[in-house]
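Step one of this worksheet: look at the structure below.
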Amino acid sequence: MSPISTRKHGDVLIVTSNNPPVNALGHAVREGLVKAIEQADSDDDVKAVVIRCEGQTFFAGADISEFGTPKSFQPPMLPQVVDIIENCTKPVVAAIHGTAFGGGLEVALASHYRVAVPSAKLGVPEVKLGLLPGAGGTQRLPRAAGVSKALEMAATGNPISAKEACGVGLIDRLIEGDLEQHAVAFADQVKDVRPIPRTSERDDKLAEARENPAIFDEFRKANARKFRGFDAPEANIKAIEAAVARPYAEGVLEERRLFMELMSGTQARAQQYFFFAERKASKIEGLPEDTKPREIRRVGVIGAGTMGGGISMNFLSAGIPVTIVEMAQEALDRGTGVMRKNYEASAAKGRMSAEQVEQAMGALKPTLSLEDLADCDLIIEAVFENMEVKKDIFGKLDRIAKPGAILASNTSYLNVDEIAASTSRPQDVVGLHFFSPANIMKLLEVVRGAKTAPDVLVTAMQIAKKIRKVAVVAGVCHGFIGNRMLMPRQVEATKLLLEGATPEQIDKVHVGFGMPMGPFQMADLAGVDIGWHRDPNRIENVRDALCAIDRWGQKKGAGFYDYDDKRQPSPSPKVQEIIEDFSRKQGVERREVSDQEIIERTLYTMVNEGAKILEEGMAQRASDIDVVWVYGYGWPVYRGGPMFWADTEGLPKIVEGIRRQQERLGSEFSLSELLLRKAEAGEKFTR
Ligand code: 3HC
């Protein structure tokens, strides 16, 4: 059965796609669309066509799961399909709901008219898959929406609302009420309009850029930081440049050339892999299928510090009331004050209205009493990292919380099973490890304790989605997935300093690799003093020495780097002196360290730790580890994540690199058996 069906309403042919879940434009859909347009062309009784979709959305794009398979090349291919639609001899109206994304928007752009419900979103997210709109989208979009809007949409991949689309001319009419009915009425109105408006034939909206071609370089400059390291944004810009500089037919050829170039590159493979990795992460293996989530109507948060405040904001923004507890009024006031300030800053940037700020803050109940958590369905403890303190709190919660309430700890390292054991209900205890700043970072590690109940896990994954986090399940081990892998990196980076590398060199290698910052820049941002023993007379390593002289990082204007009053870093001669002093004291001979060695010792060792995490069953799948690193630490998505990257490098190369460094890695380091086995068998982690 074809996913495309047709029926007539008067002299309008209604073409309907029914290809759940998102009406992706797979081969059968493409074939069905072409047949439907042929039917419209050949039937004299048909005067106009409406293309619409069943289910949650209009076509959400090409079928990504077909990419790289013979099906994606099986005619009719999408560029052909959209040309056939545009060349239809009867006016075609696209009736849009949900998301007209990628190939879906290209179908709409090839249609002669577009109508949409107000809740619809329109976008070309191909750039997020390492691609560009490859079915005429880069040529038609600027013709329909103008060059500036097309640049922004294509190079960032961010969608626009139907209302905005209407404003820029991408949508002809917003439909309130029944979409199909109104689309048919619209088609009836335009069925005799000639000439039929074809987007590819327009060039009125290109005039502005033709007169001022500098807009392309201005756009590049304005977004240089955001696009750093990525191939696809530049290809999108170039394709739109071609739309402006060349006739349509030539522009399309340039689009095809650039599309094929991207499609055959490793970045597109990595980004497409990541698309599915992210979606897979929410699936928990081995749970009874009929597990129902618990209902979460009110959340309690213990601790109004940076973490507790950020965590609370997630729930408030999603419309879930929060009770926040602190020990002293002053700390409580400070915490809630920071939350308000953050919301107001968002409002000032136009991200929310003043009314929404009040609504969110109005749903916050600050208190000094743990007893006030009695009506909460989920309670998240976010106090400092100390097992005894956490156990004490969980013991109290056990007494206070209502039966069935989920008791969560935001610990980033500690043993969740030990915390759970301080209650009489370990099945209700789970780790919810948010990343700082918790109201912004997308990652949530859901730590599954030995006794965590299936419905608690399912609830955690569901609530994560509600507060727009990407959740990954981790097992109980020191540092879970992300922070555990950070440890070998940190250890080796610190050793490398003593051996002769500088903080700048190590950070530069990491930034060059695509990380947002290197290990020492990160330490300065987070606070060099985190986890410091606070005894200025006890100086056992470089970090102790920095902390002892108040070099706690950016917040003190000095850390591994010196900072000026605009927080611009510069290398610190003082730090260099301290490092060299330690090298001398510890008898470490300083030498030239190569960038390759930095990669092998700080990144290959991370991959090795990732392999151990898999080996021990602390992550469900290699792709989950990649999701943690992309969303938790800014690993460049165009490299897929550490495990995908290792596969791309080749596991034998990783093993070889580690072996080359074995002596320097020391006796505490061991090679993962899984990594070794896979390298020897020619296997990969992620495919
Ligand atoms: N192809 C294949 N499968 C897709 C898909 C696509 N384009 N889009 C979504 N899916 C699948 C997902 O993998 C998921 O499968 P699962 O249930 O087995 O995990 C299922 O559809 C539902 O997706 P989500 O979980 O993401 O559902 P949401 O409701 O949260 O989001 C969406 C829906 C906004 C449409 C989101 O899925 C999305 O953004 N999809 C990708 C859109 C996209 O990138 N389009 C461009 C494709 S490339 C292209 O068109 C090239 C052309 O220019 C030539």
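In each ligand, atom 1 is the first atom listed, and ligand 1 is the first ligand listed.
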Exercise. How far is atom 30 (O) of ligand 1 from its nearest protein heavy atom, and which residue and atom name does that atom have?
Worked result: K465 NZ, 4.1 Å
For this session: Consider only side-chain N and O atoms of K121 and N158, and report whether a donor and an acceptor are under 3.5 Å apart.
Result: no
Problem set entry | Heavy atom of protein inside 4.0 Å of atom 19 (O) of ligand 1, strictly below | yes
Exercise. Cationic tip of R639 within the cone over F644's six-membered ring, i.e. under 6.0 Å and within 45° of the normal?
Worked result: no
Exercise. Under a 4.0 Å heavy-atom limit, does A62 contact ligand 1 with its side chain, its backbone, both, or neither?
Worked result: both
Exercise. Taking heavy atoms and a distance under 4.0 Å, where does E106 meet ligand 1: side chain, backbone, both or neither?
Worked result: side chain
Problem set entry | Under-4.0 Å heavy-atom contact between protein and atom 15 (O) of ligand 1 | no
Exercise. Are S317 and Y343 linked by a side-chain donor-acceptor pair shorter than 3.5 Å?
Worked result: yes
Exercise. Judged by non-hydrogen atoms, does T99 sit under 4.0 Å from ligand 1?
Worked result: yes
Problem set entry | Protein residue, atom and distance nearest to atom 45 (N) of ligand 1, heavy-atom basis | A60 O, 2.9 Å
Exercise. Counting both backbone and side chain atoms, is some N or O of I64 under 3.5 Å from an N or O of ligand 1?
Worked result: yes
Exercise. Is the shortest N/O to N/O distance between G61 and ligand 1 below 3.5 Å?
Worked result: no
For this session: Kindly state each residue pair satisfying side chain to side chain donor-acceptor pair (under 3.5 Å) with at least one member in residues 91-120, sequence neighbours excluded.
Result: T57-T99
Exercise. Which residue holds the protein heavy atom closest to atom 53 (O) of ligand 1, what is that atom called, and what is the gap in Å?
Worked result: E126 OE2, 2.5 Å
Problem set entry | W635-F274 aromatic ring centre distance below 6.0 Å | no
Exercise. How far is atom 27 (O) of ligand 1 from its nearest protein heavy atom, and which residue and atom is that?
Worked result: Q56 NE2, 4.6 Å
Problem set entry | Close approach, K283 and ligand 1, non-hydrogen under 4.0 angstrom | yes
Seminar exercise, completed: Of all protein heavy atoms, the one nearest atom 2 (C) of ligand 1 is D63 OD1, 3.2 Å
Exercise. So which protein heavy atom does atom 8 (N) of ligand 1 come closest to, and at what separation?
Worked result: V22 CG2, 3.5 Å
Exercise. Which heavy atom of the protein is the closest neighbour of atom 37 (O) of ligand 1, given with residue, atom name and distance?
Worked result: R279 NH2, 3.9 Å
Exercise. With Y273, which of D647, T686, D626, T648 fulfils side-chain hydrogen bond (donor to acceptor under 3.5 Å, both in side chains)?
Worked result: D626
Problem set entry | Centroid-centroid under 6.0 Å between W645 and Y638 rings | no
Exercise. Centres of the F435 and Y631 rings: under 6.0 Å?
Worked result: no
Seminar exercise, completed: Of all protein heavy atoms, the one nearest atom 11 (C) of ligand 1 is P21 CG, 4.4 Å
For this session: Can you confirm whether something in the protein, heavy atoms only, sits under 4.0 Å from atom 32 (C) of ligand 1?
Result: no
For this session: Kindly determine whether D455 and R294 satisfy salt bridge (Lys or Arg N to Asp or Glu O under 4.0 Å), including the steps that lead there.
Result: CA-CA 7 Å; D455 64 344; R294 298 184 190 179; 3.0 Å; yes
